[in-house]
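What follows is a short report on a single structure.
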Amino acid sequence: LGMVLRQLVEPYEHVFLNELSPYDDVNPTAENIARVVAEGLAAKIDDGRVRVARVEVWETDTCGAIYYREHP
């Protein structure tokens, strides 16, 4: 899981997010980043045994967002 998550978020590290897809069309808020990461991670690991249920993203020590995926 760690390696899959690393591959998913690495392109977004130390760059201006507004210049990268999907954030060139969607505001890169903590809420939107959590959603994009949750859906991207789910596309890679969801199967009959495991499912991404939520992703938590923190902007600062006191400000963050949680994205909950709906059950199918």
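The shown structure was predicted, so the numbers you read here are calculated from the model rather than taken from an experiment.
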Q: Is it possible for you to say whether Val36 and Val4 belong to one hydrophobic cluster, with membership spreading through side-chain heavy-atom contacts below 4.5 Å?
A: yes
Q. Taking only residues at least two apart or on different chains, which pairs with a member in residues 26-51 satisfy ring pair (Phe, Tyr, Trp, His ring centres under 6.0 Å)?
A. none
Q) Considering residues at least two apart in sequence or located in another chain, which fulfil the ring pair (Phe, Tyr, Trp, His ring centres under 6.0 Å) criterion with Tyr12? A) Tyr23
Q | Minimum-distance pair of heavy atoms, taken over all atoms of Val52 and Ala38 | A | CG1-O, 4.1 Å
Q.
Test of understanding: clusters of I, L, V, M, F, W, Y form through side-chain heavy atoms closer than 4.5 Å, transitively. Do Val37 and Phe16 belong to the same one?
A. no
Q: Can you sort out the partners of Thr60 under side-chain contact (heavy atoms from CB on, under 4.5 Å), two or more places apart, ordered by chain and number?
A: Thr62, Cys63
**Q.** Same cluster (ILVMFWY, side-chain, under 4.5 Å), Ile33 and Val15
**A.** yes
Q) Partners of Ala53 by side-chain contact (heavy atoms from CB on, under 4.5 Å), sequence neighbours excluded? A) Arg51
Q: Provide the full list of ring pair (Phe, Tyr, Trp, His ring centres under 6.0 Å) pairs with a residue in residues 26-58, sequence neighbours left out, each pair given once.
A: none
Q) Is there side-chain contact between Leu41 and Leu1, with heavy atoms separated by less than 4.5 Å? A) yes
Q: State which residues pass salt bridge (charged side-chain N to carboxylate O under 4.0 Å, His left out) with Glu59; sequence neighbours excluded, sorted by chain then number.
A: none
Q: Any chance you could measure Ile45, atom CD1, to Leu8, atom CG, to the nearest 0.5 Å?
A: 10.0 Å
Q. Sequence neighbours excluded, which residues qualify as side-chain contact (heavy atoms from CB on, under 4.5 Å) partners of Asp61?
A. none
Q | Pairs touching residues 7-21 that satisfy salt bridge (Lys or Arg N to Asp or Glu O under 4.0 Å), sequence neighbours left out | A | Arg6-Glu13
Q: With sequence neighbours left out, write down each residue that passes side chain to side chain donor-acceptor pair (under 3.5 Å) with Glu31, or none if nothing qualifies.
A: Thr29
Q) How long is the span from the CG atom in Leu17 to the CG atom in Asn27, to the nearest 0.5 Å? A) 10.0 Å
Q | side-chain contact (heavy atoms from CB on, under 4.5 Å) partners of Arg49, counting only residues at least two apart | A | Asp47
**Q.** salt bridge (Lys or Arg N to Asp or Glu O under 4.0 Å) partners of residues 33-45, not counting sequence neighbours, each pair once
**A.** Glu39-Arg69
**Q.** Any residue meeting side chain to side chain donor-acceptor pair (under 3.5 Å) with Asn18, in chain and number order, not counting sequence neighbours
**A.** none
Q) At what distance, to the nearest 0.5 angstrom, does CG of Asn32 lie from OH of Tyr67? A) 10.0 Å
